[in-house]
Participant: 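Encoded as structure tokens, here's the structure I'll be asking about.
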Amino acid sequence: MAKKTRKTEKAWQTGPEWQKPFYITTTLPYVNSDPHIGFAMEAIRADTVARAKKLDGFGVFSNTGTDEHGMKIYQNAQSRGVSPQEYVDEYAAKFKALIPALGLMPDTNFIRTTDPHHVRAAQAFWKAVEQNGYIYKKNYKVKYCVGCELEKTESELVDGKCPLHPLQELETIEEENYFFKASAFQKQLLELYETKPDFVIPDSRLNEIKSFVRKGLEDFSISRLASKMPWGIPVPDDDTQVMYVWFDALVNYISAVGWPDELSGDQPSELSSAVSRKGELIDQKFQHWWIETGGVVQYCGKDNLRQQAAMWQAMLMAAGLPNSRTIVVDGFITGDGGVKMSKSLGNTVDPFEIVKEYGTDALRYFVLRELHPFEDSPFTPEKFKEAYNAHLANGLGNLVSRVMKMAVANDVKLDEKTAQSIEKSSEIIMAMKEYEKGFGGYNIQQASNAVWTLISKADAIVQEREPFKKIKTDASAAKRDIAELLAYLKIIAGLLLPILPQTAETILDLIKENKMPERPLFVRK
RNA sequence: CGCGGGGUAGAGUAACGGUAGCUCGUCAGGCUCAUAACCUGAAGAUUGCCGGUUCGAUUCCGGCCCCCGCAACCA
């Protein structure tokens with residue numbers, strides 16, 4: 001089967017040559033503040049899908065990282081009196097620390113938009129778009145508030161005035177910027193949404209982006225004057241301008257998988273030859289992860305819908321590259337009662353704190369099953385604790401303890417025959433169906449519900465058959481019951497592998513070694 | 001009439017033209033293998049309001065009220 005052994009030598013090839021590839025990514029969080037719970041949710045969900053795919057036998061490339069250019073970072077660095085590079089280095093480390101803290105796969109790719117390869121890729125991408133005729137220069141008018149000494153956007157204004165300085169008239173400043181001809185892609189985008197009904201998940205978000213694009217797209221500015229804001233990737237062949245941060249950041253999804261290969265030599269001539277081919281054939285790595293996968297699956301928050309599902313797709317079209325495969329849109333995590341999380345309200349949640357107090361898998365559990373998969377939902381310490389106690393301590397953890405106790409006390413091990421017959425039972429088949437359906441629609445909550453249905457079922461079996469009692473009167477029947485419970489537990493643990501990876505491994509080990517957990521899997525709080 | 005989403009038991013949610021399901025919480029029984037955990041049962045919803053279509057609507061249509069996003073160059 002594996003004919004091309006050459007391919008398997010590639011470092012990026014994570015599995016056997018014949019494995020089907022799957023590529024998933026989060027958005028890259030902007031490093032203007034510490035990692036927040038919303039991004040943690042996005043990262044955990046993407047990781048869970050990635051793990052599930054891996055278990056399904058796919059070769060998986062999972063990407064995350066940090067978005068590090070732009071005005072806000074430049075200003076933050078200045079106000080702290082450090083260089084932008086020092087500033088972003090510090091933040092990148094904080095975000096990278098999420099990989100172990102959230103239990104993301106250790107081989108998760110972490111890209112920074114300041115990485116040299118990414119910088120070159122962004123420039124190559126720019127050139128590709130430019131050569132295809134979708135970049136032009138135009139005067140760009142900005143409103144400027146003298147009081148704030150800042151540019152203001154329309155959305156910041158109240159009645160056409162700066163809310164902080166309502167008595168002052170706004171000045172209009174003109175500067176020359178490069179623009180991206182997004183307007184040229186309205187039709188193509190609508191076609192994309194029409195032909196791929198699962199391009200955006202959930203449906204409601206697909207409708208939203210459809211109606212947005214239907215109203216017409218305006219070209220947007222994709223550069224800034226370097227004299228005003230130098231912290232960006234230089235525009236190719238124009239030192240006076242740097243790229244607008246969005247334009248650069250979105251390119252990470254292809255630079256992360258090696259686009260364009262020809263750039264490895266750093267030579268400008270290679271750069272232009274790469275782009276002239278308009279993505280017809282790029283390198284093997286890109287070919288593998290972007291083309292053979294049918295595109296990347298992108299997780300993003302609902303505030304990113306336009307950028308990911310319209311802007312970025314138009315940019316890909318402009319560069320002559322195939323589109324993403326699916327955009328999965330999360331809701332926001334809110335405070336109690338659906339109010340916005342904000343530092344001033346004091347209702348923010350630090351993912352590192354939660355992990356410290358409850359553990360990685362507890363946080364994974366909560367964001368995967370207790371929060372709505374696509375809509376806004378609230379995260380409060382009370383809800384977290386309640387869910388933790390009910391489903392992890394009393395549910396899963398307690399089940400493991402009681403089953404393993406009976407198994408160890410009566411020296412019952414899981415045998416192949418029992419395992420197979422349980423796998424064929426209708427409860428398990430139904431749960432598996434639900435589980436797969438859930439993952440198929442990126443509804444991890446639904447998939448998790450199927451697992452907890454089995455946990456309840458196992459608890460009910462203990463109560464109904466009372467093997468702990470029966471062991472005194474009919475030992476062999478009791479042992480059969482216990483073996484069946486072990487089979488249940490093994491299936492449950494198997495299904496939990498992508499969801500609660502550490503816990504699932506622990507349970508599988510306990511079954512294999514016929515041991516009680518040394519301490520409760522989830523201590524009641 | 002700017003666009004979009006939503007209003008289902010105390011809380012969070014599911015379903016969908018034909019007994020409104022689930023989780024947490026509450027109450028009552030049961031069990032003792034287990035992390036005072038577990039199992040069973042019960043109470044609790046005129047499915048925002050008003051009309052219409054229909055044999056029948058929470059589900060389809062129209063109107064109204066309320067909530068929440070978005071309204072693009074702020075990542």
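Since the model is a prediction, treat every value here as computed from it, not as a measurement. Numbers restart at 1 for each chain; the letters A, B, ... are given by sequence-line order, proteins then strands.
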Participant: Write out a two-atom table: protein N or O, nucleotide N or O from nucleotides 9-13 of chain B, distance below 3.5 Å.
Facilitator:
none

Participant: Name every residue in residues 504-513 of chain A that has at least one heavy atom under 4.0 Å from any atom of RNA chain B, in order of residue number, or write none if there are no such residues.
Facilitator: none

Participant: By the 4.0 Å heavy-atom rule, please label A:Asn398 as base, sugar-phosphate, or nothing.
Facilitator: base

Participant: Taking only Watson-Crick and G-U wobble pairs with both distances under 3.5 Å, what dot-bracket line describes RNA chain B, where [ ] shows pairs that cross earlier ones and | shows pairs with another strand?
Facilitator: .((((((..((((....[..)))).(((((.......))))).....(((((..]....))))))))))).....

Participant: Using ring-ring contact (aromatic ring centres under 6.0 Å, His included) as the criterion, list what pairs up with A:Tyr253, not counting sequence neighbours.
Facilitator: A:Trp312

Participant: Applying a 4.0 Å non-hydrogen cut-off, can you work out what A:Phe522 is touching in the nucleic acid: base, sugar-phosphate, or nothing?
Facilitator: base

Participant: Report yes if a side-chain nitrogen or oxygen of A:Arg524 is closer than 4.0 Å to either non-bridging phosphate oxygen (OP1 or OP2) of B:A37; otherwise report no.
Facilitator: yes

Participant: Indicate, with a heavy-atom threshold strictly under 4.0 Å, whether A:Gly331 touches base, sugar-phosphate, or nothing.
Facilitator: nothing

Participant: Return the polar atom pairs (N/O with N/O) between nucleotides 24-32 of chain B and the protein under 3.5 Å, or none.
Facilitator:
from, atom 1, to, atom 2, distance (Å)
B:C24, O2', A:Glu386, OE1, 3.1
B:C24, O2', A:Glu386, OE2, 2.4
B:G30, N2, A:Gln463, OE1, 3.4
B:U32, OP1, A:Lys469, NZ, 3.3

Participant: Would you indicate what A:Ser211 reaches in the nucleic acid, counting non-hydrogen atoms under 4.0 angstrom: base, sugar-phosphate, or nothing?
Facilitator: sugar-phosphate

Participant: Short of 4.0 Å, heavy atom to strand atom, which residues of residues 400-413 of chain A count as contacting RNA chain B?
Facilitator: A:Ser401, A:Arg402, A:Lys405, A:Met406

Participant: For A:Val462, which contact category applies under a 4.0 Å heavy-atom criterion: base, sugar-phosphate, or nothing?
Facilitator: base

Participant: Should A:Arg306 be listed as having a side-chain N or O under 4.0 Å from OP1 or OP2 of B:G4?
Facilitator: no

Participant: Give one of base, sugar-phosphate or nothing for A:Gly70, where a contact means two heavy atoms less than 4.0 Å apart.
Facilitator: nothing

